[in-house]
K.L.:
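What follows is a structure written as structure tokens; I'll ask about it next.
Since the structure is predicted, the reported quantities are computational estimates derived from the model, not experimental observations.
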Amino acid sequence: MGKDVSVWRPLQDPRRCRGAPRRAAGGGCPGSGRRSPGARPARPDAAAMAQENAAFSPGPEEPPRRRGRQRYVEKDGRCNVQQGNVRETYRYLTDLFTTLVDLQWRLSLLFFVLAYALTWLFFGAIWWLIAYGRGDLEHLEDTAWTPCVNNLNGFVAAFLFSIETETTIGYGHRVITDQCPEGIVLLLLQAILGSMVNAFMVGCMFVKISQPNKRAATLVFSSHAVVSLRDGRLCLMFRVGDLRSSHIVEASIRAKLIRSRQTLEGEFIPLHQTDLSVGFDTGDDRLFLVSPLVISHEIDAASPFWEASRRALERDDFEIVVILEGMVEATGMTCQARSSYLVDEVLWGHRFTSVLTLEDGFYEVDYASFHETFEVPTPSCSARELAEAAARLDAHLYWSIPSRLDEKVEEEGAGEGAGEEAGADKEQNGCLPPPETESKV
């Protein structure tokens, strides 16, 4: 009667008590029923018990976060690759024209101004040295002195004469005389070199202005690629369009799959490029790009997506680069437009919204719906599984048609009561007669 009765607690696995927080009141393992001598029993606290039980129960698992992939080609077509540790920089000077064309506009304008200013200053300094060496600057007031260049009284005048000579302005105030042979040679040399500098720099600026890069800005690609059925086969599709009324001549389309892979020998190939067929064998890659077109890649046995289902495609890591090439109708220069699609930008079970409508006497393209898609019923299996299922269905239909014909013939033979006629009908329907019939015959 004098024994203390401990307060009942829910039983727990003693193995779970290892490493668990001890109760302040009991001092023992929670749920063990033992307490320190002299300790006063405490009433069970629901919040404390829930906290203890939560320490042993595993928390909710967070879904794995997908690491963002670095694009190989940006959506605007810019290649996200930088050349580093290039030691043979002299190779850029061997092709100086292309180097100047590839420079940014502010640097190109700086080189354009410096090319003219430095040549003017260089030849102006030589004209001043000739005048200084001949003593023309010391006989400015001497009317009987014949200078090399009339009215050249300083460096500024020599600089202005250099500009007039190279640009062939010819104001007539400063004129070279026939008593200066070194001046005549310098005049010929400056005229020739000035023409070369003028042709080189004007050519660079003309090529830079007429580059078809801006023409590629009016060639648009859909923001997403889609996967859906076309004629019973899975296809990867994207849309291209031209915003200008002047067309791209001999336009062609290509697609590349960028995905790292490892060979059988263990070699790791980063950013491996694989061709995606968009109609090269059939000529469908040649486009008449007057209105937006949907480019289709049929997922067949030669496609890298042959065994990719919807779930496998979402877990994969790749990039699809599409390239549109052609000649600009106005200039005849080759133009190239690029874009890319990551895994998150490939929509399974979608189809593009139609943008072409027939109006009164013409077709109208609504570019407001160019990037829009809508969902369509599409199997989630891979193209290989879909082809195997279609093959099994065809085989089943092939063998089920003769069997149904046999059942129909047997029913007709049983109704008429003529076994021999039924056997003949079976032979006509492609079935062998039974052994008894053959022995009788």
K.L.:
Ignoring hydrogens and angles, tell me if any N or O in the side chain of Q190 forms a donor-acceptor pair with the backbone of S162 under 3.5 Å.
P.N.:
yes

K.L.:
Going through the distances and angles, do L287 and L293 end up as a side chain to side chain contact (heavy atoms under 4.5 Å, CB included)?
P.N.:
CA-CA 8 Å; L287 308 180; L293 300 175; 4.1 Å; yes

K.L.:
If every non-hydrogen atom of A157 is compared with every non-hydrogen atom of L152, which pair is closest and at what distance?
P.N.:
CB-CA, 4.1 Å

K.L.:
Surrounding CZ of F111 (heavy atoms of other residues, nucleotides or ligands, distance under 6.0 Å), is the total greater than 12?
P.N.:
no

K.L.:
Do L219 and L289 come within less than 4.5 Å of each other through their side chains, counting heavy atoms only?
P.N.:
yes

K.L.:
Is the count of non-hydrogen atoms from other residues, nucleotides or ligands lying under 6.0 Å from Y72 atom OH greater than 12?
P.N.:
no

K.L.:
What's the separation between atom CZ in R310 and atom SG in C381, rounded to the nearest 0.5 Å?
P.N.:
12.0 Å

K.L.:
Tell me if a side-chain donor or acceptor on T378 pairs with a main-chain N or O of V376 at a distance below 3.5 Å.
P.N.:
yes

K.L.:
Measure the spacing between CG of L313 and CZ of F318 and express it to the nearest 0.5 Å.
P.N.:
4.5 Å

K.L.:
Between S252 and D285 (side chain of the first, backbone of the second, donor and acceptor by atom type, cut-off under 3.5 Å), is there such a pair?
P.N.:
no

K.L.:
Would you call the rings of F221 and F238 parallel, tilted or perpendicular if under 30° counts as parallel and over 60° as perpendicular?
P.N.:
tilted

K.L.:
Which heavy atom of S369 sits nearest a heavy atom of R239, and at what distance?
P.N.:
O-NH2, 3.2 Å

K.L.:
Side-chain contact test, heavy atoms from C-beta onward, threshold under 4.5 Å: evaluate it for L187 versus I176 and give yes or no.
P.N.:
yes

K.L.:
I need the E298 CD to D231 CG distance, nearest 0.5 Å.
P.N.:
8.5 Å

K.L.:
Roughly how far, to the nearest 0.5 Å, is the CD1 atom of I126 from the CG atom of L121?
P.N.:
11.5 Å

K.L.:
Can you tell me if W348 uses its side chain to pair, donor with acceptor, with the backbone of P379 under 3.5 Å?
P.N.:
yes

K.L.:
So for atom CD, which belongs to E250, do other residues, nucleotides or ligands contribute more than 12 heavy atoms lying within a distance under 6.0 Å?
P.N.:
no

K.L.:
Work out which heavy atom in R259 is nearest to a heavy atom in D317; give both atom names and the distance.
P.N.:
CG-O, 3.6 Å

K.L.:
What is the minimum heavy-atom distance between L386 and G232, and which atoms define it?
P.N.:
CD2-O, 4.0 Å

K.L.:
Do T353 and H371 have side chains that approach each other closer than 4.5 Å (heavy atoms only, starting at C-beta)?
P.N.:
no

K.L.:
Please identify which of these residues, R286, R338, R254, R215, meets the salt bridge (Lys or Arg N to Asp or Glu O under 4.0 Å) condition with E325.
P.N.:
R254

K.L.:
Does anything in residues 247-302 form a ring pair (Phe, Tyr, Trp, His ring centres under 6.0 Å)? List the pairs, not counting sequence neighbours.
P.N.:
none

K.L.:
Should the heavy atoms of other residues, nucleotides or ligands under 6.0 Å from CG of N80 be counted, would the total exceed 12?
P.N.:
yes

K.L.:
Evaluate the side chain to side chain contact (heavy atoms under 4.5 Å, CB included) criterion for residues F305 and V227: first the C-alpha distance (whole Å), next the side-chain angles of each, then the deciding distance (0.1 Å), finally the verdict.
P.N.:
CA-CA 11 Å; F305 301 116; V227 177; over 6 Å; no

K.L.:
Is the closest side-chain heavy-atom distance between V294 and R230 below 4.5 Å?
P.N.:
yes

K.L.:
Does CZ in F97 sit with more than 12 non-hydrogen atoms of other residues, nucleotides or ligands closer than 6.0 Å?
P.N.:
yes

K.L.:
Take the angle between the ring planes of W128 and Y132 and call it parallel below 30°, perpendicular above 60°, tilted in between.
P.N.:
parallel

K.L.:
If you round to the nearest 0.5 Å, how far is CG of L276 from CD1 of I295?
P.N.:
13.0 Å

K.L.:
Can any side-chain N or O of K256 pair as donor or acceptor with the backbone N or O of I323 at less than 3.5 Å?
P.N.:
no

K.L.:
Locate the shortest heavy-atom distance separating I209 from W105; write the atom from each residue and the value.
P.N.:
CG1-CH2, 3.5 Å

K.L.:
Show the numbers, then the answer: is there a side chain to side chain contact (heavy atoms under 4.5 Å, CB included) between R106 and L109?
P.N.:
CA-CA 5 Å; R106 56 177 179 268; L109 293 176; 5.9 Å; no

K.L.:
What do the steps show when you test E364 against D366 for side chain to side chain contact (heavy atoms under 4.5 Å, CB included), and what is the final call?
P.N.:
CA-CA 6 Å; E364 183 177 0; D366 182 17; 5.9 Å; no

K.L.:
Counting neighbours of CD on E375 that are heavy atoms of other residues, nucleotides or ligands and sit closer than 6.0 Å, is the number greater than 12?
P.N.:
no

K.L.:
For S296 and M237, indicate whether the former's side chain and the latter's backbone hold a donor-acceptor pair under 3.5 Å.
P.N.:
no

K.L.:
Taking side chain as C-beta onward, heavy atoms only, is V322 less than 4.5 Å from V278?
P.N.:
no

K.L.:
Does some side-chain heavy atom of Q273 sit less than 4.5 Å from a side-chain heavy atom of I258?
P.N.:
yes

K.L.:
Which atom names give the shortest non-hydrogen contact between K75 and S223, and what distance separates them?
P.N.:
NZ-O, 3.3 Å

K.L.:
Starting at OG of S309, measure out to CG of L234 and round the result to the nearest 0.5 Å.
P.N.:
10.5 Å

K.L.:
Counting only N and O atoms by type, is there a donor-acceptor contact under 3.5 Å from the side chain of E345 to the main-chain atoms of L342?
P.N.:
yes

K.L.:
For a 4.5 angstrom cut-off between non-hydrogen side-chain atoms, does S303 reach D300?
P.N.:
yes

K.L.:
For the residue pair S222 and Y341, confirm or rule out a side-chain donor-acceptor distance under 3.5 Å.
P.N.:
yes

K.L.:
Return the set of residues passing salt bridge (Lys or Arg N to Asp or Glu O under 4.0 Å) with R261 (not counting sequence neighbours), or none when no residue passes.
P.N.:
none

K.L.:
Are side-chain heavy atoms of P292 and L356 found at a separation under 4.5 Å?
P.N.:
no

K.L.:
Between the side chains of S340 and E319, does any donor sit under 3.5 Å from an acceptor?
P.N.:
yes

